[in-house]
Amino acid sequence: MAQNKQKQLDGDTAKSIAQIARRDRELATIAEIADSNLNPKDHWRSVLPEHIEAIKTRLLGGDTLRRTCRALGLDPASVTRNLHENPELLAQYLDWKAFGTHALYENLLELPFDPTMSDADKLLYYKVVSNYAPKMNRQVYGDKVQVDVVEHKPVILDWNIIEGDGGDGV
């Protein structure tokens with residue numbers, strides 16, 4: 001039995017069909033990610049004290065929570081939920097992040113001598129750290145802002161006391 005051959009699509013039609021298919025795949029991926037974010041699976045209970053110690057070590061070294069969780073095979077949302085439910089641990093976490101900025105600034109000092117990075121990468125690293133560190137550790141790397149409070153007292157003039165003809169010489 002012979003099969004009917006389908007006619008070949010021209011360039012514009014084939015391109016538009018390929019774009020529609022790619023867009024559908026992208027939307028399906030976005031929907032999957034959104035579903036996984038909207039329907040958490042209580043993985044937060046599996047964050048162990050050993051994980052917290054590893055996170056502490058990496059954050060003190062200047063690493064980010066997301067990259068640390070990825071390396072440990074943890075879901076970052078589960079770790080942040082665990083931190084949110086333990087106020088003492090949350091305070092410690094914020095201290096670890098603030099202290100990690102010191103390591104980032106030490107890396108900046110060694111950056112010009114690093115032969116493995118290109119100049120563009122060095123510039124990008126410098127810009128990221130110099131913008132990120134002041135937000136994480138305002139006491140050390142943030143802008144020093146001083147606010148002076150000045151009290152203004154209103155002055156009421158008594159026009160009856162002023163003598164003269166009101167000209168320039170009063």
Side-chain angles (χ1 to χ4, degrees), residues 9 12-150:
L9 298 175
D12 291 337
T13 307
K15 184 188 272 185
S16 66
I17 291 174
Q19 288 174 344
I20 291 170
R22 186 174 68 235
R23 181 73 178 149
D24 288 343
R25 286 192 307 268
E26 289 172 355
L27 289 175
T29 304
I30 291 171
E32 182 181 325
I33 292 170
D35 286 342
S36 68
N37 287 337
L38 293 174
N39 302 320
K41 297 179 179 70
D42 285 342
H43 290 298
W44 62 275
R45 298 184 198 278
S46 63
V47 178
L48 303 173
E50 295 83 16
H51 293 136
I52 298 298
E53 282 300 314
I55 290 170
K56 174 184 176 180
T57 303
R58 302 268 309 251
L59 290 177
L60 288 173
D63 209 350
T64 63
L65 179 64
R66 186 170 296 279
R67 191 169 19 172
T68 301
C69 290
R70 199 177 312 127
L72 295 173
L74 294 172
D75 183 19
S78 64
V79 174
T80 54
R81 181 175 177 177
N82 193 353
L83 292 170
H84 177 71
E85 292 179 354
N86 299 319
E88 296 169 0
L89 189 60
L90 179 61
Q92 291 176 354
Y93 164 76
L94 294 174
D95 287 339
W96 301 335
K97 283 189 73 76
F99 192 82
T101 58
H102 299 306
L104 292 174
Y105 264 96
E106 284 184 16
N107 288 346
L108 277 183
L109 294 174
E110 298 172 2
L111 192 62
F113 309 109
D114 188 2
T116 61
M117 294 178 71
S118 69
D119 290 340
D121 289 341
K122 289 177 185 180
L123 180 63
L124 177 65
Y125 185 83
Y126 169 77
K127 286 182 178 181
V128 168
V129 170
S130 62
N131 286 320
Y132 171 77
K135 291 173 179 56
M136 288 294 101
N137 196 348
R138 290 189 190 276
Q139 295 85 4
V140 177
Y141 301 110
D143 293 334
K144 306 296 189 265
V145 177
Q146 180 177 352
V147 178
D148 294 332
V149 178
V150 178

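We number each residue from 1, following the sequence as shown. Every heavy atom of this structure was used, including side-chain atoms; hydrogens, water molecules and symmetry mates were not. Quick caveat: nothing in here was measured; it's all calculated off a predicted structure.
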Atom pairs and distances, donor-acceptor, side-chain atoms in residues 59-68, under 3.5 Å, two or more places apart:
unit_1, atom_1, unit_2, atom_2, d
D63, OD1, R67, NE, 2.8
D63, OD1, R67, NH2, 3.2
D63, OD2, R58, NE, 2.9
D63, OD2, R58, NH2, 2.6
T64, OG1, R67, N, 3.3
T68, OG1, T64, O, 2.7

Are Y105 and H102 close enough that their ring centers fall under 6.0 Å?
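No; H102 has its ring centre 6.0 Å or more from that of Y105.
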I need the [X] [atom1] to [Y] [atom2] distance, nearest 0.5 Å.
| X | Y | atom1 | atom2 | answer |
| --- | --- | --- | --- | --- |
| D121 | L111 | CG | CG | 9.5 Å |
| N82 | Y93 | CG | OH | 12.5 Å |
| N86 | L90 | CG | CG | 9.0 Å |

D114 backbone acceptor or donor facing K122 side chain under 3.5 Å
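Yes, K122 side chain to D114 backbone: donor-acceptor pair under 3.5 Å.
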If you count every heavy atom of other residues, nucleotides or ligands that lies below 6.0 Å from E88 atom CD, does the total exceed 12?
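Counting other residues, nucleotides and ligands, CD of E88 stays at 12 neighbours or fewer.
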What side-chain donor-acceptor pairs closer than 3.5 Å can you find for residues 48-55, not counting sequence neighbours?
unit_1, atom_1, unit_2, atom_2, d
H51, ND1, L48, N, 3.0

Looking at residues at least two apart in the chain, or sitting in another chain, which of them share a salt bridge (charged side-chain N to carboxylate O under 4.0 Å, His left out) with R25?
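Counting only residues at least two positions away or on another chain, R25 forms no salt bridge (charged side-chain N to carboxylate O under 4.0 Å, His left out).
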Side-chain heavy-atom pair T29, E26 within 4.5 angstrom cut-off:
no
